[in-house]
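The structure under discussion appears below in the form of structure tokens.
Computed from a predicted model, the values in this text were never measured in an experiment. We use all heavy atoms of the structure for the numbers below, so side chains are in, but hydrogens, waters and symmetry mates are not. Residue numbers run from 1 in the order of the sequence given.
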Amino acid sequence: MPRAPFGYLVGQENKGLAHMFTMMNEARQKVGLQGLGIAERAYQAARDYAKERVQAGRRGRRAETGSPSSITPMYGECCLR
């Protein structure tokens with residue numbers, strides 16, 4: 001004859017639903033913090049890329065390659081704040 005499953009009482013009796021909602025609210029906050037951390041790291045990576053990236057001079061203008069007037073860094077421009 002198969003035996004019935006056996007379990008242990010966790011927390012107070014008849015308070016399981018309240019404990020479950022508490023656990024779900026904590027999990028929701030933790031997932032939000034994970035998303036915030038991922039967004040912060042993505043911002044840092046984009047900022048670092050913008051600091052390293054260089055942009056050539058204006059279109060239609062021929063300038064010597066490598067001259068200071070033809071290559072300018074993107075970071076620090078007036079449009080990036």
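Both Leu17 and Met24 belong to a common hydrophobic cluster when Ile, Leu, Val, Met, Phe, Trp and Tyr are linked at side-chain heavy-atom distances under 4.5 angstrom. The hydrophobic clustering, which links ILVMFWY residues whose side-chain heavy atoms are closer than 4.5 Å, places Leu36 and Ile38 apart.
Rounded to the nearest 0.5 angstrom, Asn25 CG and Met20 CE are separated by 9.0 Å.
Taking a 6.0 Å sphere around CD of Gln44, one finds it holds more than 12 heavy atoms contributed by other residues, nucleotides or ligands.
Across all their heavy atoms, Lys15 and His19 have their closest contact at O-CD2, 2.9 Å.
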